[in-house]
Amino acid sequence: MSDYILRDAIETDVLDIVLAVKQFCKEVPHPAWGRFDSNKVKDLVSSLIDSEAGFVKIVTIDEEVVGALIAAATPVPINSFIFAQELMFWLDPDHRNGKTSPKLIDAYVEWSKAVGCDFVRLSTLDELLDSRVGIIFKRKGFKPIETAYIKEL
């Protein structure tokens with residue numbers, strides 16, 4: 001039995017990450033995630049891999065990418081705080097074992113501290129997907145502070 005490996009993504013991982021993002025988008029039953037642009041995702045992931053303000057950590061098993069956490073450190077426009085903002089957090093359904101997600105979150109928090117972030121943000125689609133990822137976030141010390149409402153135009 002192989003073990004999961006968490007590691008920083010490199011440029012040769014970009015195609016696998018793009019496919020992971022595509023799979024993530026297929027899981028979300030909302031038009032905002034249904035309009036997947038592989039070139040845009042490829043450019044974003046590549047730029048984040050190359051940036052100190054970017055976080056791209058992948059999960060592999062037998063050298064196959066089965067998950068990723070992608071984030072960026074950004075200044076808040078109304079003050080001097082810096083937020084680490086998760087852009088995608090996904091594990092293949094066959095690899096959601098309750099052990100890997102906390103390790104990814106820990107790595108994300110440590111990176112956020114290292115790049116000088118004041119806050120670390122994770123998002124969940126629990127209501128839309130009828131999932132309970134927020135429970136893991138709360139166990140790791142995160143608190144819900146905002147609910148987003150989206151209207152398609």
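Because the structure is a prediction, the values reported are computed rather than measured.
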- Sorted by chain and number, sequence neighbours left out, salt bridge (charged side-chain N to carboxylate O under 4.0 Å, His left out) with Asp13 holds for Arg7
- Item | Verdict with supporting geometry, Phe55 and Val115, side-chain contact (heavy atoms from CB on, under 4.5 Å) | CA-CA 10 Å; Phe55 178 88; Val115 298; over 6 Å; no
- Item | Results of side-chain contact (heavy atoms from CB on, under 4.5 Å) for Pro75 - residues two or more places apart only | none
- Non-hydrogen side-chain atoms of Leu87 and Phe89 separated by less than 4.5 Å: no
- Going by heavy atoms in the side chains, are Ile70 and Trp90 under 4.5 Å from each other? no
- For Glu52, what residues pass the side chain to side chain donor-acceptor pair (under 3.5 Å) criterion, not counting sequence neighbours? none
- Query: Do Val109 and Phe142 come within less than 4.5 Å of each other through their side chains, counting heavy atoms only?
  - Reply: yes
- Query: With sequence neighbours excluded, what pairs up with Thr60 under the side chain to side chain donor-acceptor pair (under 3.5 Å) test?
  - Reply: none
- Message: Please evaluate residues Asp3 and Ile61 with respect to the criterion side-chain contact (heavy atoms from CB on, under 4.5 Å), reporting the C-alpha separation (whole Å), side-chain torsions for both, the decisive distance (0.1 Å), and the verdict.
- Response: CA-CA 6 Å; Asp3 289 330; Ile61 189 162; over 6 Å; no
- Other cluster members, Ile82 - Ile/Leu/Val/Met/Phe/Trp/Tyr, side-chain contacts below 4.5 Å: none
- Rounding to 0.5 Å, atoms CG (Leu44) and OG (Ser51) come to a distance of 10.5 Å
- Counting only N and O atoms by type, is there a donor-acceptor contact under 3.5 Å from the side chain of Asp92 to the main-chain atoms of Asp94? yes
- Item | Contacts of Val18 that satisfy side-chain contact (heavy atoms from CB on, under 4.5 Å) - sequence neighbours left out | Val14, Phe36, Ser38, Val41, Lys42
- Side-chain donor/acceptor of Ser112 to backbone N/O of Tyr108, under 3.5 Å: yes
- Message: With heavy-atom distances below 4.5 Å as the criterion, would you say the side chains of Val59 and Val65 are in contact?
- Response: no
- Message: So, taking the atom named CD1 in Ile17 and the one named CD1 in Ile10, what distance separates them when rounded to the nearest 0.5 Å?
- Response: 9.5 Å
- Between CG of Leu69 and OG1 of Thr100, what distance do you get to the nearest 0.5 Å? 12.0 Å
- salt bridge (charged side-chain N to carboxylate O under 4.0 Å, His left out) partners of Asp106, counting only residues at least two apart: Lys140
- Query: Can you name the residues that form a side-chain contact (heavy atoms from CB on, under 4.5 Å) with Asp37, not counting sequence neighbours?
  - Reply: Asn39, Lys40
- Set of residues satisfying side chain to side chain donor-acceptor pair (under 3.5 Å) with respect to Trp111, sequence neighbours excluded: none
- Note on the structure: Interatomic distance, CG@Leu104 vs CD@Glu86, rounded to 0.5 Å, equals 11.0 Å
- Message: Please enumerate all residues that pass side-chain contact (heavy atoms from CB on, under 4.5 Å) together with Phe119, with sequence neighbours excluded.
- Response: Phe81, Phe83
- Task: Would you please name every residue forming a salt bridge (charged side-chain N to carboxylate O under 4.0 Å, His left out) with Glu110, sequence neighbours left out?
- Result: Lys113
- Message: Please enumerate all residues that pass salt bridge (charged side-chain N to carboxylate O under 4.0 Å, His left out) together with Asp8, with sequence neighbours excluded.
- Response: Lys57
